[in-house]
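Read the structure below first, then the notes.
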Amino acid sequence: MAGNGSGHANGEFSFGNGTARNGLAKIQTHKKQNGICHDDSAPPVKAQTIDELHSLQKKKSAPTTPIKGTQGAFAVTISDEERQKQQLQSISASLASLTRETGPKVVKGDPARKSETPKHVAHAHEHHFTPTISVSDSSLKFTHFLYNLSPAELYEQAIKYEKGSFITETGALATLSGAKTGRSPRDKRVVRDETTEDDLWWGKGSPNIEMDEHTFMVNRERAVDYLNSLDKVYVNDQFLNWDPENRIKVRIVSARAYHSLFMHNMCIRPTPEELENFGTPDFTIYNAGQFPCNRYTHYMTSSTSIDLNLARREMVILGTQYAGEMKKGLFSVMHYLMPKRQILSLHSGCNMGKDGDVALFFGLSGTGKTTLSTDHNRLLIGDDEHCWSENGVSNIEGGCYAKCIDLSREKEPDIWNAIKFGTVLENVVFDEHTREVDYSDKSVTENTRAAYPIEYIPNAKIPCVGPHPKNVILLACDAFGVLPPVSKLSLAQTMYHFISGYTALVAGTEEGVKEPQATFSACFGAAFIMLHPTKYAAMLAEKMLKHGATGWLVNTGWSGGSYGSGNRIKLPYTRKIIDAIHSGSLQEANYKKTKVFGLEIPTEVEGVPSEILEPMNTWADKNAYNATLLKLAGLFKKNFETFTNYKIGKDGKLTEEILAAGPIF
């Protein structure tokens, strides 16, 4: 037997004299220099179990930077454990039910990755805070929260736990928003109290539908109880407004990974250092959209309710999973908070030329705001929401929320290329096998959307700030065909047309009806403003006067007749007009005044046929032109009746100037 194993010592393994025990030829190996018979060896992993091996796959990414202002000889350093405890206390306070003393027990981390519920000591990467509250079922439960997860982590959560979540061919996350595929403006409420009674715009024409404090608290309690009943919630701590002096800290508590990723993209993303010292938020959203409100509650008219309490700095969402409610809800909040700081909040696009000249673009849907503000020769500051302060202009958001219906690479290459990993695609239809999106398919809704970080746009200006605007461009798609392609506005005219917020939509043609329909939206965003429109208009005029900005009215609609008889003004002509505004050449042009609206129109614009600059010239039937012009003027006057009784200042002089800038007939 000793001879049978003699091969072990010299690296040759055999059984007996050349024959294995089973009668087969023995296996021969050659001796290696180091006595080992293979050369791909490596040290064993430093793990005793599979779980330990998986834990080695991910390294901790939490920063360890000191709190600002603590440097120096008497610096007070806060331990990582203390900082985490403060964060847990803050989030527990956010989730507190007001009928109990303090908030719930909160645990940081995914409950699916825990082997057991924490008792008294937090696990290595799972910290919890246990407040003292009366014993009840809710007090015995831990609320797990997933804090500022990365897009990759949120993808994993959505695909694993949320039905209807898929990765598309280009890497975007396709999601469904449930029964609601758009905003519910009739279900939006604002608490009317001492804070808002005199400040906000109430009554006829106002988007602000009132509710009382008690009803808000009922809905808040319902939302918080629902969120605390879940296995886990998502918490985002982020910023609004790229101007560092005037940014707002927002906290979003939601039940879906889709909502968390959406807000990750749409708000400004804090650095790890900023997140460490985030502290108490300035405003909090409770998104319990999967849970309905109680229709027996006072002021409720459906199972959906979006409630704003400006005194408490809180927003509650019940009965709708449409993510746009969060984005626009925060925009409404900014429309209230910023003017209190003498900062003008604006529903506009904004870009900047190579010489630092900034232009603001206002326009309702279909006017070309997105197309014209996206210019490869200029930097994009933002596409939708901005602030104008003493420091200049700044984007409120950290992302873009683009319409996707009929999207094509040829028409919108920037948006097309931005739909990649990290982007949220709402309610789109895709091939079940290839996951290729069909942007023309309206099976779910026509309001398909993409939400992506602004850095996904190649010519985005980061940080999204710029100097004071030189040009304020009001866009209107006039389907009546009587407004000139471009006109220079006085300050009073700018205020009048800014308050009017005009465009015209083409009515449905199911029964052969082709009459255009005038649409007015105060400040080009009536659904989101909080104060009376004339307050925003007065601030706009004041800033334009102070910084030397010029107002322009640009018609991207019809010429040579109304819709059905005339033709849409060619996009290349409109682009030439916008280029002339940017370059300053239109400032030097010769002008003449039109009848009725009293608009100053240039006699020539480079690259644009001079005959189309005066609308009457393009109409074959001059009587029809005059009749249509008077019809539109009447619609403007009727719309403005809502604002005529409001006085700006003690003597109302400014209001009279705005009224005088309207059509005269």
Side-chain angles (χ1 to χ4, degrees), residues 185 199-208 331-332 334-336 338-339 343-349 360-365 367 369 385-388 469 471-478 480 483 487-505 518-545 549-555 596-600 632-649 651-665:
D199 287 347
L200 265 58
W201 177 27
W202 304 104
K204 183 181 177 182
S206 168
N208 301 316
F331 191 32
S332 294
M334 294 296 278
H335 269 312
Y336 173 75
M338 291 297 103
I343 297 169
L344 177 60
S345 48
L346 301 164
H347 188 211
S348 69
L360 293 171
F361 291 82
F362 295 89
L364 302 178
S365 180
T367 59
K369 181 182 74 170
E385 303 175 8
H386 294 89
C387 286
W388 188 351
N471 293 292
V472 175
I473 301 168
L474 311 182
L475 300 169
C477 177
D478 177 29
F480 291 94
L483 290 182
S487 48
K488 185 163 74 169
L489 303 175
S490 65
L491 275 179
Q493 285 177 323
T494 303
M495 294 169 76
Y496 181 88
H497 287 279
F498 176 71
I499 293 170
S500 297
Y502 163 73
T503 194
L505 305 176
T519 300
F520 298 93
S521 182
C523 307
F524 293 93
F528 321 119
I529 61 176
M530 303 293 280
L531 314 180
H532 195 276
T534 52
K535 290 190 176 182
Y536 299 105
M539 287 184 73
L540 177 63
E542 180 186 346
K543 291 186 180 298
M544 288 177 67
L545 182 63
T550 305
W552 306 88
L553 180 63
V554 175
N555 174 22
V596 182
F597 279 92
L599 299 170
E600 297 279 344
L632 181 60
L635 293 172
F636 264 85
K637 189 172 183 180
K638 182 179 180 181
N639 171 71
F640 219 83
E641 288 173 359
T642 306
F643 315 114
T644 53
N645 294 328
Y646 193 87
K647 301 292 183 184
I648 304 177
D651 57 2
K653 183 179 179 182
L654 193 55
T655 311
E656 293 169 8
E657 287 181 9
I658 297 173
L659 289 171
I664 300 171
F665 57 102

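Computed over heavy atoms, backbone and side chain alike; hydrogens, waters and symmetry mates excluded.
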Would a distance-only check, ignoring hydrogens and angles, find a side-chain to backbone donor-acceptor pair under 3.5 Å from [X] to [Y]?
| X | Y | result |
| --- | --- | --- |
| S487 | E600 | no |
| D478 | N555 | no |
| E385 | M334 | no |
| S521 | A526 | yes |
| Q493 | S490 | yes |

Counting C-beta onward and ignoring hydrogens, is there a side-chain heavy-atom pair between [X] and [Y] closer than 4.5 Å?
| X | Y | value |
| --- | --- | --- |
| P207 | F528 | no |
| K637 | F665 | yes |
| L344 | M338 | no |
| L540 | M495 | no |
| N208 | M530 | yes |
| L474 | L489 | yes |
| T494 | L553 | no |
| K535 | P339 | no |

For the [atom1] atom of [X] and the [atom2] atom of [Y], what is their distance to the nearest 0.5 Å?
| X | Y | atom1 | atom2 | result |
| --- | --- | --- | --- | --- |
| H532 | W202 | NE2 | CH2 | 14.0 Å |
| L659 | E657 | CG | CD | 10.5 Å |
| S345 | L531 | OG | CG | 7.5 Å |

Would M544 and W388 count as a side chain to side chain contact (heavy atoms under 4.5 Å, CB included) if you check the C-alpha gap in whole Å, the side-chain angles of each, and the deciding distance to 0.1 Å?
CA-CA 10 Å; M544 288 177 67; W388 188 351; 4.1 Å; yes
Hey, what's the ring geometry for F362 with F524, parallel, tilted or perpendicular (30° and 60° as the breaks)?
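F362 and F524: tilted rings.
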Could you go through the side chain to side chain contact (heavy atoms under 4.5 Å, CB included) check for K488 and T550 one step at a time?
CA-CA 8 Å; K488 185 163 74 169; T550 305; 3.9 Å; yes
Determine, step by step, whether L632 and F597 satisfy the side chain to side chain contact (heavy atoms under 4.5 Å, CB included) criterion, reporting the C-alpha distance in whole Å, the side-chain angles of both residues, the deciding distance to 0.1 Å, and the verdict.
CA-CA 10 Å; L632 181 60; F597 279 92; 4.2 Å; yes
Please enumerate all residues that pass salt bridge (Lys or Arg N to Asp or Glu O under 4.0 Å) together with K369, with sequence neighbours excluded.
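K369 satisfies salt bridge (Lys or Arg N to Asp or Glu O under 4.0 Å) with D384 only.
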Partner set under ring-ring contact (aromatic ring centres under 6.0 Å, His included) for H335, not counting sequence neighbours:
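H335 satisfies ring-ring contact (aromatic ring centres under 6.0 Å, His included) with F331, Y536 once adjacent residues are dropped.
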[X] to [Y] - nearest heavy-atom pair and separation:
| X | Y | result |
| --- | --- | --- |
| G501 | L364 | O-CD1, 3.3 Å |
| C387 | I343 | CB-CG2, 3.7 Å |
| A518 | L635 | CB-CD1, 3.8 Å |
| C523 | I529 | CB-CG2, 4.2 Å |
| A522 | P533 | CB-CG, 3.7 Å |

Stepwise side chain to side chain contact (heavy atoms under 4.5 Å, CB included) check, L599 with L483:
CA-CA 9 Å; L599 299 170; L483 290 182; 4.2 Å; yes
Is the closest side-chain donor-acceptor distance between N639 and Y502 under 3.5 Å?
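No, no side-chain donor-acceptor contact under 3.5 Å.
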Verify the distance criterion only: is there a donor paired with an acceptor across the side chains of N471 and W552 at less than 3.5 Å?
yes
Hey, do the aromatic rings of F640 and F520 have their centres closer than 6.0 Å?
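No: the rings miss the under 6.0 Å criterion.
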